[in-house]
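A short worksheet on the structure shown next.
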Amino acid sequence: MTPLVFSFLTLFPELLEPFAREALIGKACGRGLIDVNLVNMRDFAENKHLKVDDTPYGGGAGMVIRVDVAQRALHSLPPADEVILFTPAGQRFDQRVAEELAQKSHMVFLCGRYEGFDARVENLVTRELSIGDFVMMGGEAAAACVLEAVSRLRPGVLGDEESHQADSFSSGLLDYPEYTRPLEWQGQAVPTVLTSGNHAAIRQWRRGEALRRTLERRPDLLNTAPLEPADSATLLNLGVHAEQLAQWGAPPPPAQRRRKKDTSSS
């Protein structure tokens, strides 16, 4: 399989180096499943002081990364499926976007610093992304988030190929709670269904817990989650009104089977 290539244009490649070397990302790089290419934009400054920024026209605090530096760095790389700029104005990065990006072969990410890039850099990119409505000192932390979220979706990166399918947001819901040893801890016991060996009951319990957690903590997700008739029945039992289910576009719960009358004679 051809590796998925992440190219990061940054002024501080040393911030991203640990993510390319350690844990599962490092192992995936070693096995040729992904490739992390760290490009120092200072190498394309074309001045003896390796200066990549300048004062903004019109005045104001801070420095702005030059568009010509960014362009030269981009042109040093092979063609990419996506050229992505991290910016507060970008599309919100979520699991759906991660799944889309995991299908690419080469992506370039521009990690800003200072007051960001010259606005003309926007003409060089194919997509703008944001990891949330807050401001950081640079794009490297956002890049690390995207690297981990996308890489784990590539076949072979995780030890269990099915593990990411049950993760929070992959199913449209929050994940169900997990338990391990000890069986009882400070008066809190592992739910007995998980030690029953009844796999159908375990699946049903986990789905119900995912629905309960989502309803309690992130009810907004239920508006877009792919719900099934059995989910509607569970949500009704959790106190959700039928009108709310309709607003979420949830299917009606399964019809209850009527018991057949016993017509046998005594």
Side-chain angles (χ1 to χ4, degrees), residues 3-21 25 29 34-151 220:
L4 170 57
V5 180
F6 296 83
S7 293
F8 296 105
L9 273 58
T10 172
L11 298 178
F12 299 96
E14 61 273 16
L15 294 179
L16 287 167
E17 285 177 1
F19 286 89
R21 292 197 312 262
I25 298 294
C29 289
I34 63 173
D35 183 21
V36 179
N37 181 25
L38 302 179
V39 180
N40 192 334
M41 287 187 288
R42 296 186 192 279
D43 294 339
F44 303 90
E46 294 190 349
N47 59 75
K48 64 179 181 180
H49 298 296
L50 303 181
K51 186 176 175 61
V52 299
D53 57 351
D54 212 328
T55 55
Y57 283 116
M63 304 290 282
V64 178
I65 301 175
R66 294 169 52 121
V67 62
D68 56 333
V69 174
Q71 184 182 56
R72 286 193 291 271
L74 281 171
H75 285 177
S76 72
L77 297 171
D81 301 312
E82 294 270 13
V83 178
I84 298 172
L85 174 66
F86 289 113
T87 167
Q91 174 189 11
R92 178 69 66 87
F93 180 72
D94 59 18
Q95 190 66 21
R96 301 298 176 220
V97 176
E99 291 170 356
E100 178 187 349
L101 297 182
Q103 306 303 314
K104 308 295 183 179
S105 59
H106 180 206
M107 293 177 289
V108 179
F109 297 87
L110 280 74
C111 304
R113 279 275 156 176
Y114 317 128
E115 292 301 307
F117 287 93
D118 183 305
R120 289 167 289 186
V121 165
E122 296 173 6
N123 297 320
L124 306 177
V125 306
T126 61
R127 187 190 298 237
E128 298 179 13
L129 286 182
S130 168
I131 64 168
D133 295 338
F134 51 89
V135 179
M136 296 188 295
M137 291 182 286
E140 287 78 16
C145 291
V146 173
L147 173 61
E148 289 221 352
V150 175
S151 293
D220 57 295

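Within 6.0 Å of the CZ atom in Phe44, the count of heavy atoms belonging to other residues, nucleotides or ligands exceeds 12. Annotation: Tyr57, atom OH; neighbour count of heavy atoms from other residues, nucleotides and ligands within 6.0 Å does not exceed 12. No more than 12 heavy atoms of other residues, nucleotides or ligands sit less than 6.0 Å from atom CZ of Arg66. The neighbour count for Arg120 CZ, taken as heavy atoms of other residues, nucleotides or ligands under 6.0 Å away, does not exceed 12.
Looking at Leu16 and Val36, their side chains never come closer than 4.5 Å, going by heavy atoms from C-beta outward. The shortest distance between side-chain heavy atoms of Arg113 and Met41 does not fall below 4.5 Å. At a threshold of 4.5 Å between non-hydrogen side-chain atoms, the residues His106 and Pro78 count as touching.
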Go through the steps for Val146 and Met107 under the test side-chain contact (heavy atoms from CB on, under 4.5 Å), then give the verdict.
CA-CA 11 Å; Val146 173; Met107 293 177 289; over 6 Å; no

Mind running side-chain contact (heavy atoms from CB on, under 4.5 Å) on Leu147 and Phe109 for me, showing each step along the way?
CA-CA 10 Å; Leu147 173 61; Phe109 297 87; over 6 Å; no

Given the rule in the side-chain contact (heavy atoms from CB on, under 4.5 Å) test, do Val150 and Lys104 qualify, once you have shown the distances and angles that lead to the verdict?
CA-CA 10 Å; Val150 175; Lys104 308 295 183 179; over 6 Å; no

Going through the checks in order, is the side-chain contact (heavy atoms from CB on, under 4.5 Å) test met by Glu46 and Asp68?
CA-CA 10 Å; Glu46 294 190 349; Asp68 56 333; over 6 Å; no

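With values rounded to the nearest 0.5 angstrom, Phe93 atom CZ is found 7.0 Å from Leu129 atom CG. The CG atom of Asp81 lies 10.0 Å from the CG atom of Leu101; values are rounded to the nearest 0.5 Å. Leu11 contributes atom CG, which lies 4.5 Å from atom CD1 of Ile65 (distance to the nearest 0.5 angstrom). Between the CD atom of Glu14 and the CD atom of Glu140 there is a distance of 8.5 Å, given to the nearest 0.5 Å.
Contact record, Met136 with Ile131: CE-CD1, 3.9 Å, taken as the closest heavy-atom pair. Of all heavy-atom pairs spanning Ala70 and Val121, the tightest one is CB-CG2, 4.0 Å. Here the shortest heavy-atom pairing between Ala45 and Lys51 reads CB-O, 3.4 Å. For Met63 against Tyr114, the heavy-atom pair with the smallest separation is O-CB, 3.1 Å. In plain terms, the two heavy atoms of Val125 and Val83 that are nearest each other are CB-O, 3.2 Å.
With respect to Leu9, the side chain to side chain contact (heavy atoms under 4.5 Å, CB included) criterion is satisfied by exactly one of Leu85, Asn40, Val69, Leu77: Leu77.
Of the possible donor and acceptor atoms, none in the side chain of Ser130 sits under 3.5 Å from a partner among the backbone N and O of Ala89.
Asn123 pairs by the side chain to side chain donor-acceptor pair (under 3.5 Å) definition with nothing, not counting sequence neighbours.
A salt bridge does not link Asp43 to Arg72: none of the charged side-chain nitrogens sits closer than 4.0 Å to a carboxylate oxygen.
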